[in-house]
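As structure tokens, the structure follows; a few thoughts come after it.
Convention: sequence-line order gives letters A, B, ...; per-chain numbering from 1. Heavy-atom basis, side chains included; hydrogens, waters and symmetry copies ignored.
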2 protein chains.
Amino acid sequence: MANIREIAEAAGVSITTVSRVLNGHPYVKAEKRKKVLDTIERLEYARNVHAVHLSKGFSNMIGVVLPTISLPYFSELIEGIAEEAAKSEVHFALYQTNYQLEKETFALEQLKHRQVDGLIFCSKAMSDEELLNWRDTGPFILCQDSRERLFSTVSIPHHEAFRRGLDFLIEKGHKKIAIGLARKHGVNSHYRLEAYKEALAAIGEPYRDEWVFERSLTIADGQTLFSAWSRMDDKPTAIFVANDQVSAGLYLEARKHQVQIPENLAILSCDNQPISELLGISTIEIKTKEMGRHAFRLLQKGIRGEEAEKKILPYRLIERSTV
Amino acid sequence: MANIREIAEAAGVSITTVSRVLNGHPYVKAEKRKKVLDTIERLEYARNVHAVHLSKGFSNMIGVVLPTISLPYFSELIEGIAEEAAKSEVHFALYQTNYQLEKETFALEQLKHRQVDGLIFCSKAMSDEELLNWRDTGPFILCQDSRERLFSTVSIPHHEAFRRGLDFLIEKGHKKIAIGLARKHGVNSHYRLEAYKEALAAIGEPYRDEWVFERSLTIADGQTLFSAWSRMDDKPTAIFVANDQVSAGLYLEARKHQVQIPENLAILSCDNQPISELLGISTIEIKTKEMGRHAFRLLQKGIRGEEAEKKILPYRLIERSTV
DNA sequence: CTGAAAGCGCTTACAG
DNA sequence: CTGAAAGCGCTTACAG
């Protein structure tokens, strides 16, 4: 593989001049520019990016940290990031964590080693406090609703949105409401639980631990949730779950067992993925792809050294036929 | 940020020695090693990967080329690749192409620039002939069943597997069989169409263009497919589609319109994603994650300069209730 | 408009 | 076991 020196020699100019045409700088005589370009073409020269990165001090590559790629919510988020990244010609590496702390630490370490210019946390297990220790390592942003003002974040107002869903169920006459959370200790789950307790208090219902389901993420989790529900003596009349995969599993399993929806059981979820539309499941829409786009832009700002910023995205309740 | 020279000075050794402990080389006196390690810790030193890459000539990063991330088939494939990559401590960048040729070319260009050490094509629009021109650019492998022997590939035997599905429908008494292909000109689609024509010939049925549906990839495509089917005067009694998203859309839409499955319409698909199990859709299982793992290993071999290899994975017909 | 030279931060023969 | 020095392939003040 030819390098810049060989191109310079072959074209009869200096290395500096080659570098200038490579970077589209002005102040190169048209004739020389052409000669360099021709030589590059003829020798099939391709710039070695590692040398460029070392010289420039950055790599135009960011890291995306997420628990798993195979949940529609996350793949949609990535699509948004990818679209925006492509426009700016930046690459991204994926760090799949399964919510393991050491995997998240690994990603931060990569940031420290300058493997990436910045990090987008789609969701994380690490506490805000701990993440704060990494602040000087390099720029990163969260796709979560964090109250820590030093973090740049993009998200919907989780507390408010979840409360909206609960109030909707209450308006429809439900008092016995169960919820399904993605994780026990997640930040979003924390806000959702808060909203849940408030809503119960507002209608004078007691809080019951057994009506809070955890680890509800996948279709299979939705099926499990149905089994749990059907085994209960005192059954909730409505279940509000974290995403459309869970509600799809729950809904289809319920129908399989001749449970009438919404008469015997009302179902509400979040995200508005295609499957919820197909099954007619009521849900709270989140513009996930849009969120990905904003995440990328926010990170770019961080990389440029701008101050932390909180971007709040809208959400919308979509009534279909399961409530 | 400290660099290796500062560490050397602070520890009172040479740069070479620091590099040796960084790379775990033997022949460093324990005492010096400790001193270096302590200094690294104290100064929070992190090696600049760009310098390492430039020096070593590779980056331990591969590129994954795929049309979209948000189809379960592809996200599962990525999970397999990611698992294996993590073990070898290699990173990967995602190149999302939407089957646009220029995006695929872009990925190959990155390979040329040494941005990545190798490329995995999960699916591609580029013809084998054209891709062949890029052979000297660097190592890459395909997750497709290519007859070009110079390419390393990992896949199921598409022709055979699709034929197996068709024969299964025929055994069940179907003669009027339609198929849904992911793309018109894909390699897999090509093999599937071949198998389709053979199967029809075997039972003396004519080939009809209007019974070959294209661009069948998503749940929404499955819904569209149902509309097309229900508008037909002469209806096929069975449809064999490219993946479980399509069959799910088709199946649910059919049920919504009171079409009895499989009495009025039999449905068969490929992949065996969770949704097919949930809905009881008969399908041909592909171990997609396994395929991702093999893909990574095959690429590693290519990077080490080993010869092209074709890895054939097993498939399995899973009978459920839609045929 | 152009080029010689220093610098980015590592690795690795080579000599001891 | 250890270190001085060359080299990886670029970019970018600086001087002209």
Side-chain angles (χ1 to χ4, degrees), chain A residues 1-37 39-40 43-61 89 109-117 137-138, chain B residues 1-37 39-40 43-61 89 109-117 137-138:
Chain A
M1 282 273 290
N3 60 25
I4 197 174
R5 189 170 41 73
E6 297 175 42
I7 299 299
E9 279 168 15
V13 298
S14 74
I15 288 176
T16 311
T17 298
V18 177
S19 178
R20 282 203 184 93
V21 349
L22 246 24
N23 291 288
H25 288 180
Y27 303 136
V28 180
K29 207 183 278 175
E31 176 198 355
K32 290 205 174 183
R33 181 186 305 277
K34 182 169 170 2
K35 205 159 189 177
V36 169
L37 255 14
T39 317
I40 285 175
L43 270 57
E44 295 198 312
Y45 168 74
R47 199 159 25 167
N48 182 321
V49 292
H50 303 315
V52 177
H53 295 163
L54 176 57
S55 236
K56 294 210 172 189
F58 60 84
S59 59
N60 278 326
M61 170 134 111
E89 299 198 309
E109 224 111 55
Q110 295 306 312
L111 179 59
K112 190 171 171 188
H113 289 266
R114 305 177 176 280
Q115 173 75 249
V116 291
D117 298 335
T137 307
Chain B
M1 282 272 291
N3 60 24
I4 198 175
R5 189 170 42 73
E6 296 174 44
I7 299 298
E9 279 167 16
V13 299
S14 74
I15 288 176
T16 310
T17 298
V18 177
S19 178
R20 284 204 183 93
V21 349
L22 245 25
N23 291 287
H25 289 180
Y27 304 136
V28 180
K29 207 184 277 177
E31 176 198 355
K32 289 205 175 184
R33 181 185 305 277
K34 183 171 172 358
K35 205 159 188 178
V36 170
L37 254 15
T39 316
I40 285 175
L43 270 56
E44 295 197 313
Y45 168 73
R47 196 158 29 163
N48 181 321
V49 290
H50 303 314
V52 177
H53 295 164
L54 177 57
S55 237
K56 295 211 173 192
F58 60 83
S59 59
N60 278 326
M61 169 134 112
E89 298 199 310
E109 223 110 56
Q110 296 305 312
L111 178 59
K112 189 170 171 187
H113 288 268
R114 303 179 175 280
Q115 174 74 250
V116 292
D117 299 336
T137 308

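With a 3.5 Å ceiling on both atom-pair distances, the Watson-Crick or G-U wobble partner of D/dG16 is C/dC1.
At a threshold of 4.0 angstrom between heavy atoms, the contacts of A/L22 with the nucleic acid are absent. A/T17 comes within 4.0 angstrom of the backbone, heavy atoms only, and of no base. At a threshold of 4.0 angstrom between heavy atoms, the contacts of B/F58 with the nucleic acid are absent.
The separation between B/K35 atom NZ and D/dT2 atom P is 12 Å, rounded to whole Å. Atom CZ in A/R47 sits about 9 Å away from atom C1' in D/dC10, given to the nearest Å. Taking atom CZ of B/R5 as the reference point, atom P of C/dC8 lies 7 Å away to the nearest angstrom. Atom CD1 in B/I4 sits roughly 11 Å away from atom P in C/dT12 (whole-Å rounding). The nearest whole Å value for the distance from the NE2 atom in B/H113 to the P atom in D/dG9 is 15 Å. The interatomic distance linking A/K32 (NZ) with C/dG3 (P) rounds to 4 Å, in whole Å. Atom-to-atom, OH of B/Y27 to P of C/dC14 comes out at 17 Å; the value is rounded to the nearest Å. Atom CD of B/E6 and atom P of C/dG9 are 8 Å apart (whole Å).
The side chain of A/A51 sits closest to D/dC10 out of D/dC10, C/dC10, C/dG3.
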Practice task
Applying side-chain contact (heavy atoms from CB on, under 4.5 Å), run through B/I40 and B/L22 and close with a yes or a no.
Solution key: CA-CA 10 Å; B/I40 285 175; B/L22 245 25; 3.5 Å; yes
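When the C1' atom is compared between C/dT12 and C/dG16, the two are found 16 Å apart, to the nearest whole Å.
At the phosphate of C/dT11, OP1 or OP2 sits under 4.0 Å from a side-chain N or O atom of B/N23. Within the 4.0 Å cut-off from OP1 or OP2 of D/dC8, not a single side-chain nitrogen or oxygen of B/S55 is found. For the pair B/T16 and D/dG3, the criterion of a side-chain N or O lying under 4.0 Å from OP1 or OP2 is not met. Contact check, B/S19 against C/dC10: no side-chain N or O comes under 4.0 Å of OP1 or OP2.
Toward the 5′ end of DNA chain C lies the nearest nucleotide of A/P26, the other residue of the pair B/Y45 and A/P26 mapping further downstream. If A/V52 and B/K29 are placed on DNA chain D by their nearest nucleotide, the residue sitting closer to the 5' end is B/K29. When each of A/N48 and B/G12 is assigned the nucleotide of DNA chain D with its nearest heavy atom, B/G12 is the one assigned upstream, toward the 5' end.
Taking 4.0 Å as the cut-off between side-chain N and carboxylate O, B/E9 and B/R5 count as a salt-bridged pair.
A donor N or O paired with an acceptor N or O is found under 3.5 Å between the base of C/dG3 and the side-chain atoms of A/R20.
Under the 3.5 Å distance criterion, with hydrogens and angles disregarded, no donor-acceptor pair is assigned to the side chains of B/T16 and B/S19.
Here the rule is side chain to side chain contact (heavy atoms under 4.5 Å, CB included) with B/V18, and of B/T39, B/N23, B/N3, B/V36 only B/V36 fits it.
Dense packing is recorded around CZ of A/R47, with more than 12 heavy atoms of other residues, nucleotides or ligands lying under 6.0 Å away.
Note: A/H53 NE2 to B/N48 CG = 11.0 Å, rounded to the nearest 0.5 Å.
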